[in-house]
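Below: the structure, in structure tokens.
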Amino acid sequence: MDASEHTGTAGAGFSGAVGLVLARPARLLGIEPFFMEFIAGIEERLAERGLSLLLHVVADQEAEIAAYRRWAERGLVEAVVVVNRTVDDRRLPVLRELGLPAVLAGAGSDAPGGGAEAGGGGGTPMPAVRTDDAGPVREALAHLLDLGHRRIARVSGPTGLLHTRARTEALVEGCREAGVEPVVVEGDYSDESGARLTAELLRRPEPPTAILYDNDVMAVAGLGAAKEMGVAVPERLSLIAWDDSTMCRLASPPLTTMSVDVHQYGVLVAESVLELVDGLPVAERWSPAARCVPRGSTARCAVPSTA
């Protein structure tokens, strides 16, 4: 991984690099396993072709766009990978304007633009590696409903992200069909938000008997918060994490998770990037589907519900 903005190939006419800008606090990158595994998958496949990954971590989307402009002006990358699509995403029109080839990672099947992602501003659709955000939520919900849970909460990621909205909509729709009204609160993927929001949920007059988290970091922190409050997991509270990782398996009790092969996801994104750089048609790809892996943090609901 090259964390600088210099590839050492200036003037060669071919940068030999693919760019990835992550607009998120750097401290989160250090504690969240998802992007480390994702990056490793991308790098593994790119290295087979002698390409490198140029990684840049910035504070927000404005800084991300500025990085794209610098890279395009200096010819530092052959293409970029775009992650974390947002509502009214300004990045894609800018990439079109710059003529910077891009692959969208995690684009949903119903994302704006249809097809392979028009990406705003019209023109040729951008290639994408798609993700089913709704299906795994339904699977997680079915697991909890089968265990008798009716007071269900979700600690989501930032609501401005398209995949967050898709997951929330799937949960709300599934709960409506089951005659359940879920509680959804917004986190930011950090351990601090996971612990704080879990504590707030458990202080409610009718606290949830099950909580679904949008990542593993918030779930592990939520488990710690429950223990501090004397709420036994899974006897009184069931927890499900998203993105299986070592921290989920080593937790006590081990966390039930929506497990995703994140490394393979990165490999698939790199495959699409290589086709794009080679000037070939980019095949439609889907990221590995998340699947529910029951462990020790979910059990049959033992708390009577008034729902």
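To the nearest 0.5 Å, the span separating CD1 on Ile152 from SG on Cys175 amounts to 5.0 Å. In this structure, Ser238 OG and Leu212 CG are separated by 11.5 Å, a value rounded to the nearest 0.5 Å. To the nearest 0.5 Å, atom OG1 of residue Thr86 and atom CG of residue Asp88 are 7.5 Å apart. For the atom pair CE (Met218) and CG (Leu239), the distance works out to 12.0 Å, reported to the nearest 0.5 Å. Put simply, CG on Leu255 and CG on Asp216 are 9.0 Å apart, with the number rounded to the nearest 0.5 Å. Summarising the geometry, atom OG1 belonging to Thr257 is positioned 12.5 Å from atom CE belonging to Met247; distances are rounded to the nearest 0.5 Å.
With contacts defined as side-chain heavy-atom distances shorter than 4.5 Å, the pair Val18/Val81 qualifies. A 4.5 Å side-chain heavy-atom check between Val82 and Leu92 finds at least one atom pair inside the cut-off. Here the side chains of Glu37 and Tyr265 are not in contact, with every heavy-atom distance at 4.5 Å or above. The closest side-chain heavy-atom distance from Arg295 to Pro253 is not below 4.5 Å. Between His149 and Leu145, every side-chain heavy-atom pair lies at or beyond the 4.5 Å cut-off. Looking at Trp286 and Leu268, their side chains never come closer than 4.5 Å, going by heavy atoms from C-beta outward. Contact annotation: the side chain of Leu22 never approaches that of His56 to less than 4.5 Å [non-hydrogen atoms, C-beta and beyond]. Two residues are said to be in side-chain contact when any heavy atoms from C-beta on lie closer than 4.5 Å; Pro127 and Leu276 meet this criterion.
The closest side-chain donor-acceptor pair between Thr131 and His163, if any, does not fall under 3.5 angstrom. For Asp214 and Ser156, the side-chain atoms include no donor-acceptor pair closer than 3.5 Å. For the 3.5 Å distance criterion, the side chains of Arg154 and Thr168 qualify, holding a donor opposite an acceptor. Side-chain contact annotation: Thr298 with Thr256, donor-acceptor N/O pair under 3.5 Å present.
Looking at Gln61, Glu62, Glu64 one by one, the single match for side chain to side chain donor-acceptor pair (under 3.5 Å) with Arg90 turns out to be Glu62.
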TODO: Go through the steps to decide whether Glu73 and Arg69 satisfy the test salt bridge (Lys or Arg N to Asp or Glu O under 4.0 Å), and finish with yes or no.
DONE: CA-CA 6 Å; Glu73 180 182 355; Arg69 293 191 183 280; over 6 Å; no
Task: side chain to side chain contact (heavy atoms under 4.5 Å, CB included) between Asn215 and Glu32, worked out - done: CA-CA 8 Å; Asn215 76 343; Glu32 189 177 25; 3.2 Å; yes
Task: Derivation of the side chain to side chain contact (heavy atoms under 4.5 Å, CB included) call for Val155 and Leu201 - done: CA-CA 9 Å; Val155 178; Leu201 288 168; 4.0 Å; yes
- [ ] Could you give me the CA-CA distance, side-chain angles and deciding distance for Glu235 and Arg300, then say whether salt bridge (Lys or Arg N to Asp or Glu O under 4.0 Å) is met?
- [x] CA-CA 8 Å; Glu235 291 81 4; Arg300 180 156 293 280; over 6 Å; no
Open item on the list: As a quick check of understanding, evaluate side chain to side chain contact (heavy atoms under 4.5 Å, CB included) for Arg24 and Phe35, giving each step before the final call.
Closed with: CA-CA 11 Å; Arg24 62 197 299 106; Phe35 274 111; 3.6 Å; yes
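Contact check on Arg138 versus Asp132 returns no salt bridge, with no Lys/Arg side-chain nitrogen under 4.0 Å from an Asp/Glu carboxylate oxygen. At a threshold of 4.0 Å, the pair Glu169-Arg165 does not count as salt-bridged, since none of the basic side-chain nitrogens sits closer than that to a carboxylate oxygen. A salt bridge does not link Asp261 with Arg291: none of the charged nitrogens is closer than 4.0 Å to a carboxylate oxygen.
Other residues, nucleotides and ligands contribute over 12 non-hydrogen atoms within 6.0 Å of the CG atom of Asp146. For Arg249, the CZ atom sits in a packed shell: over 12 heavy atoms of surrounding residues, nucleotides or ligands are nearer than 6.0 Å.
The salt bridge (Lys or Arg N to Asp or Glu O under 4.0 Å) check on Glu181 picks up nothing, with sequence neighbours excluded.
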Please tabulate, for the side chains in residues 98-107, all donor-acceptor contacts under 3.5 angstrom to protein atoms that are two or more places apart in sequence or on a different chain.
none

